[in-house]
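Structure first, then comments.
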Amino acid sequence: DGGITQSPKYLFRKEGQNVTLSCEQNLNHDAMYWYRQDPGQGLRLIYYSQIVNDFQKGDIAEGYSVSREKKESFPLTVTSAQKNPTAFYLCASSAHSGRARDTQYFGPGTRLTVL
Amino acid sequence: EDKVVQSPLSLVVHEGDTVTLNCSYEVTNFRSLLWYKQEKKAPTFLFMLTSSGIEKKSGRLSSILDKKELSSILNITATQTGDSAIYLCAVSSSNTGKLIFGQGTTLQVKP
């Protein structure tokens with residue numbers, strides 16, 4: 001079954017801790033994305049990667065970091081510098097070229113709560 | 001600044017009603033407009049629109065793009081409780097290749 005998996009489903013973080021959210025895809029997609037979703041605000045782009053070993057900041061990258069060492073994997077670290085990290089985090093992937101890259105496919109999300 | 005605005009932000013209807021959701025955009029070098037449905041978790045892809053005036057249809061859902069008015073509508077006929085969800089509109093720009101999302105419309109269909 002092709003798809004995108006995210007883990008964990010729920011994550012609780014104490015203030016001052018770094019946490020890492022996992023995202024894996026077996027769709028053979030080159031591009032991967034991380035979004036944050038808050039109530040009433042739609043999806044906001046944190047980071048994206050169009051190819052292995054390369055990634056770019058999105059609109060709200062401060063307090064987050066990513067890596068892209070393998071095509072299938074794009075983990076997101078929420079650092080202690082992120083002041084308001086409680087949110088729903090969505091990972092997505094798409095083909096790299098042409099209009100096909102506009103169609104992003106999403107994982108089931110991770111709900112992060114800061115205690 | 002590129003932006004996408006959806007309206008209404010929320011809507012409550014009864015089963016069998018027809019609904020129309022709106023999406024307007026201001027995006028430099030528009031490339032495509034996408035609609036997604038989000039129930040509890042992952043947004044699922046509904047339609048991608050690139051050409052003005054050509055309706056895309058899937059069962060009771062249909063959508064059309066108007067490039068002159070910089071907008072799109074998503075129609076759902078004979079609504080069912082299973083249509084209850086957040087409907088997201090997103091637009092891509094050939095400048096950036098990124099998707100810009102609207103705030104979403106929350107639809108609740110009552111039995």
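In the text below, chain A, chain B and the rest are named by the order of the sequence lines, each starting its count at 1. Note that these values count all heavy atoms, side chains included, but never hydrogens, waters or copies made by symmetry.
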Item to check | Contact origin within B:Gln6 toward chain A - heavy atom pairs under 4.5 Å | outcome: neither

Checklist entry - So which part of B:Leu9 gets closer than 4.5 Å to some heavy atom of chain A, the side chain, the backbone, both or neither? => result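 Looking at B:Leu9, nothing touches chain A.
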
Next on the checklist: Please check this pair: side chain of A:Ser49 against backbone of A:Met32, looking for a donor-acceptor N/O pair closer than 3.5 Å.
Outcome noted: no

Item to check | A:Leu45 portion near chain B, given a 4.5 angstrom heavy-atom threshold | outcome: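 Only the side chain of A:Leu45 comes within 4.5 Å of chain B.
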
Item to check | Portion of A:Gln37 that has a non-hydrogen atom of chain B nearer than 4.5 angstrom | outcome: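 Just its side chain gets close to chain B.
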
Next on the checklist: Given A:Ser93, which partner from the list A:Ile4, A:Asn28, A:Asn26 fulfils the side chain to side chain contact (heavy atoms under 4.5 Å, CB included) test?
Outcome noted: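 With A:Ser93 as partner, side chain to side chain contact (heavy atoms under 4.5 Å, CB included) holds for just one option, A:Ile4.
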
Next on the checklist: Does B:Thr50 form a side chain to side chain donor-acceptor pair (under 3.5 Å) with B:Ser32? I'd like the steps, not just the answer.
Outcome noted: CA-CA 5 Å; B:Thr50 56; B:Ser32 64; over 6 Å; no

Checklist entry - Do A:Thr77 and A:Thr20 have a side chain donor and acceptor closer than 3.5 Å? => result yes

Checklist entry - So, A:Ser94 and A:Tyr33: side-chain donor and acceptor under 3.5 Å apart, yes or no? => result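 Side-chain D/A pair, A:Ser94 to A:Tyr33: present.
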
Item to check | Electrostatic pair A:Arg44:A:Asp38 at N-O distance under 4.0 angstrom | outcome: yes

Next on the checklist: Taking the basic N atoms (NZ, or NE/NH1/NH2) and the acidic carboxylate oxygens, is any pair closer than 4.0 Å for A:Lys71 and A:Asp30?
Outcome noted: yes

Checklist outcome for this item: Filtered by a 4.5 Å non-hydrogen cutoff, the part of residues 100-111 of chain B contacting chain A is B:Phe101, B:Gly102, B:Gln103

Checklist entry - A:Tyr35 pairs by ring pair (Phe, Tyr, Trp, His ring centres under 6.0 Å) with which of A:Phe74, A:Tyr89, A:Phe106? => result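 Between A:Tyr35 and the candidates, ring pair (Phe, Tyr, Trp, His ring centres under 6.0 Å) is satisfied uniquely by A:Phe106.
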
